[in-house]
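Below, each value reflects all heavy atoms present in this structure, side chains not excepted, and no hydrogens, waters or symmetry copies. The chains referred to below are lettered A, B, ... by the order of the sequence lines, with proteins before strands, and numbering in each begins at 1.
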Amino acid sequence: MRKLFRFHGGIHPEQHKEQSSQLSIALAPVPDVLVLSLTQHAGLAAEPVVRVGQRVLKGELLARPGGPVSAAVHAPTSGKIEAIEARAVPNAVARSDWCIVLRPDGADRWGERTPLQLTGANRASLLARLRDFGLVGLGGAAFPSHIKLSLKDDAKIRWLVVNAAECEPYITCDDRLMRERAPELVRGLRLIGELLQPEEIVVGIEDNKPEAAAAMRAAASADQFNIDIVPIPTLYPGGGEKQLIRTLTGIEVAAGHLPLEHGVACFNIATVHAIRRAVDLGEPLIARVLTVTGNVATPRNYEALIGTPMNQLVALAQEQTGTDGYIMGGPMMGFRVAAKDVPVVKATNCIIAIDGKHFRTPPPELPCIRCGTCSVACPADLQPFELYWHTKSHNSARARDYGLADCIECGACSYVCPSKIPLVGYFRRGKSEAAAADRAARAAAQAQERSNWHEQRLQRDAREAELASAALSTAASASSEAIGIKQASVQGALERARARRNEDPATGHKS
Amino acid sequence: MTSPYIAGSSSVSAIMFKLLLALVPGVAAFVWYFGPAILISIGIATVVALVCEALMLLLRRAPLKMFMTDWSAVVTAWLLALSLPPLVPWWLVAIGTAFAIIVAKHLYGGLGSNPFNPAMVGFAVLLIAFPLQSTRWPPPLMLSATRVSFDIMLAYIFPGLVEAPRFLVDAETMATPLDTLRTQLGLEQTIADFSYMPVFGRVGGVGFEMMALCYLLGGLFLLQQRIISWHMPVAFLGGLAALGGALWLLNPGHYASPLFHCAAGGTLLGAFFIVTDPVSGATTPRGKLIFAAGAGVLTYVIRVFGGYADGVAFAVLLMNMMVPLIDAHTQPAVFGRKSRT
Ligand code: SF4
Ligand code: SF4
């Protein structure tokens, strides 16, 4: 038995998983249009490499990574690029963003697929494959996977921690994936294991998914592969990356550091599935399994193409009347999407159709009574009510002192608060305010630097002018011919100085 | 509306309701030992508290229904009434309660914003302004020579309003165990000389010790319901018992046992219901320990060396003042910012 470690806090929200975990994963049909967001991952937007009107094959690159922290986007099926334009996409701020609109041709014809040969492959080749194949974390954060492994090539990886906790209520896609495709997942773990050579592979599964754990165990032993399938206590947010690493290894990932720096590589089980397809089959990330639940007649999991409009998936599960919107993600950390037809993105692990019955509007918030229940629940050991106080009063500096940046936005504090204060909402706002304040401070520092520079130039010009007039008076005693020459050059210096003084150094524009 | 879209079932009104529920055994013991007069005090305090609460909410233009249904004013009322002796005139209860709600609670910003425990502010004001009436306890029924009939009781509580019965007996007052201890020690007696006095009961005084036990029962319920954490009661009793115990060991003739101090007066009501008030108390785990231990030590100091027989109220108020300091210096380490393996 592996010794498990405890993280602070945590809550036990109602699970609501049985609704969608009963049926097997269904294959969602190719929709009539696919909308591929260029910002469906953490980091910079991807850059399109296709033109409008161009025909593409399934798996073909549509947009390449827009920078080191970015991810590629591929065609989920064959078809024609219909538009590259701003569309409503699922994000927490309900902002439209650039998308490639693909009209499927119905042939679903693959382009060339090249599996990665393991012989001679190393971590760098895996890294390149993850980057080129659009791999991002499928647990919800959509962090580019190759970044998670970007460390010096010789850095030792002690643990490969696989996140199969699936701690959010309602979501069951990882559960079903493990129950139905355990051999594929074990194969994926073997591939990653070959490439990373960790000392140990540990899969953490919350103990409310015994079937999934059993399936994984059976597949591992059939494959004679030595991995540790560990049931962990069902405790939200036990599947938070840092919480899971803590639970399984005892390591507390230091603030501002990557797990890798502690010798831990951590992947979501769904990401393992995608990595296995990328390595073994040469398929980029163009589809995923996701849960459709909430106010629908048959909640279940679907394997859907990235870019499928959400309402088409919800229709498959028979949306019920009264649905007034969708939540993408779980009820704890998800967000309401701006429109029902926003496309599925790589991070879409769950769509919950909401209605007044399932998700009541919260009661009005009462003042904080400092009961401390929120601190007891906080997995980041924060004092949420202190953060609340400072974020509410827009005091970014104090909020930072109380660890605002360390908040993982799990929502446990809001969940338990007897005064029904939407604490994490305040924290999200506080974080964006702090970011804005930082940007403003940086801009101010730059402006200061520029104005210092401007000052220096003015002083230099003044000195130059002084020297020039001194030269002028000395020159008065010299020969007239010499005077003529000297005067011309001095005059020039003076004019240059005068001209510079009227010039705005920041823009180069004359003022 | 942002996530989370689901919420737990706890609410302020549920917490307050459970607090009231947890007080019921204590109230029952109070009635058993000191007669039903306390129920009238509680009633008066409750009505006054609700009226003042409504008035202040209207003045502050705060949503009336939302705040009236949080029960917090009622909790304050009950705690104040239970700190006072029974048979006190109605106006005493009313003044204390009104002060607690109007000044200590609403003038400081209402629910959640008061730096001082409102019930204890109300009680302290009465202790200072009406020291006699607010500390004069009748004897427990079983030690009393006369029976206080219902109309006599009313005549006491509503002086002038209810016509006094023809043979109004001056209801006896009797020194509480804490008072007795203080007076007798003042007479250069050793504890052994007077501990036989019936008022001392088994450990903390007739009546008081049973009430203490009932408050303990209520407190355990609160612990089980996770409305309070163990830190406060344990540290409060620990602080009191540590200082009390040390002095008692040094000179048992002059200092009463820590057990007596824990069972006497308002100690257990304080430990589970007053020190634990979240709004005015420290909030961090270590801060709670310091806050409550400090209150325990101060309670003892005031009782034994100060001018008042019981010291819970002043001790708590003094520690309330320290809360910002305590909290600021006891912030727990944040995840990922400590070495813990
Ligand atoms: S749980 Fe709510 S009421 Fe209690 S301290 Fe936290 S924010 Fe305040
Ligand atoms: S949302 Fe932030 S403050 Fe609230 S419990 Fe989670 S980590 Fe703690």
Side-chain angles (χ1 to χ4, degrees), chain A residues 7-8 11 13-14 92 169 242-243 246 250-257 327 329-336 352 354 359 361-364 366-373 375-376 379-383 385-386 402-403 406 408-412 414-420 422 424-425 428, chain B residues 1-19 62-63 65-67 69-70 72 75 105 109-115 226-229 231-232 276-285 287-288 323-324 327-328 330-341:
Chain A
F7 62 88
H8 179 264
I11 56 172
E14 275 183 49
K242 291 180 175 183
Q243 281 66 35
R246 163 83 190 152
I251 288 174
E252 197 170 296
V253 177
H257 291 262
I327 290 171
M332 292 302 297
M333 292 187 74
F335 54 86
R336 265 189 89 147
I352 309 179
I354 52 172
F359 297 92
T361 34
L366 279 168
C368 167
I369 56 168
R370 291 166 42 93
C371 63
T373 318
S375 350
V376 174
D381 306 76
L382 297 167
Q383 304 278 304
F385 59 92
E386 301 275 10
Y402 279 97
D406 296 306
I408 59 167
E409 300 181 26
C410 68
S414 305
Y415 182 88
V416 298
C417 176
S419 288
K420 306 296 174 205
V424 65
R428 292 198 188 103
Chain B
M1 178 188 167
T2 60
S3 59
Y5 298 96
I6 50 175
S9 55
S10 80
S11 68
V12 176
S13 50
I15 291 176
M16 297 296 168
F17 185 76
K18 283 178 185 164
L19 275 167
K65 178 159 171 274
M66 188 168 111
F67 283 103
T69 50
D70 70 18
S72 62
V75 171
K105 183 175 182 183
L111 180 71
S113 299
N114 46 290
R226 299 183 183 228
I227 288 176
I228 59 174
S229 66
H231 302 78
M232 294 270 197
T276 48
D277 169 41
V279 175
S280 57
T283 53
T284 63
K288 283 179 179 174
V323 163
D327 274 354
T330 54
Q331 286 300 314
V334 171
F335 187 102
R337 295 193 185 276
K338 63 196 138 174
S339 47
R340 179 173 82 178
T341 35

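A distance of 12.0 Å separates OG1 in B/Thr2 from CZ in A/Arg336, rounded to the nearest 0.5 Å. Between B/Phe335 atom CZ and A/His8 atom NE2 the span is 12.0 Å, to the nearest 0.5 Å. Expressed to the nearest 0.5 Å, how far OH of B/Tyr5 lies from CE of A/Met332 amounts to 11.5 Å. Between the CE atom in B/Met16 and the CD1 atom in A/Ile369 there is a gap of 5.0 Å [rounded to 0.5 Å]. Within the model, atoms OH of A/Tyr415 and OG of B/Ser3 stand 14.0 Å from one another, a figure rounded to the nearest 0.5 Å. In this structure, OG1 in B/Thr69 is found 7.5 Å from CG in A/Leu366, a value given to the nearest 0.5 Å.
Proximity to chain A (any heavy atom under 4.5 Å) is restricted, for B/Ala333, to the backbone atoms N, CA, C and O. Looking at B/Ser9, only its backbone comes within 4.5 Å of chain A, counting heavy atoms on both sides. For A/Pro379, the part lying under 4.5 angstrom from a heavy atom of chain B is the backbone only. Residue contact with chain A, scored on non-hydrogen atoms closer than 4.5 Å, is absent for B/Asn114. Only the side chain of A/Ile327 comes within less than 4.5 Å of a heavy atom in chain B; its backbone stays farther off. Looking at A/Pro422, neither its backbone nor its side chain comes within 4.5 Å of chain B, counting heavy atoms on both sides. Contact of A/Ser419 with chain B is made through backbone and side chain together, with heavy-atom distances under 4.5 Å. Neither the backbone nor the side chain of A/Cys410 comes within less than 4.5 Å of any heavy atom of chain B.
With sequence neighbours left out, A/Thr373 forms a side-chain contact (heavy atoms from CB on, under 4.5 Å) with A/Cys371, A/Val416, A/Pro418. Residues passing the side-chain contact (heavy atoms from CB on, under 4.5 Å) test with B/Ser229, sequence neighbours excluded: B/His231, B/Lys288.
At distances below 3.5 Å, at least one donor-acceptor pair connects side-chain atoms of A/Lys420 with backbone N or O atoms of B/Ser10.
Side-chain contact between B/Gln331 and A/Glu386 is present, with at least one heavy-atom pair separated by less than 4.5 Å. Side-chain contact between A/Glu14 and B/Ile6 is absent, with no heavy-atom pair separated by less than 4.5 Å. Using a 4.5 Å cut-off on side-chain heavy atoms (C-beta onward), B/Pro4 and A/Ser414 make contact.
For chain B, the option among A/Pro169, A/Gly372, A/Gly334 with the highest count of heavy-atom pairs below 4.5 Å is A/Gly334.
With 3.5 Å as the limit, one finds no donor-acceptor pair spanning the side chains of B/Ser113 and A/Arg370.
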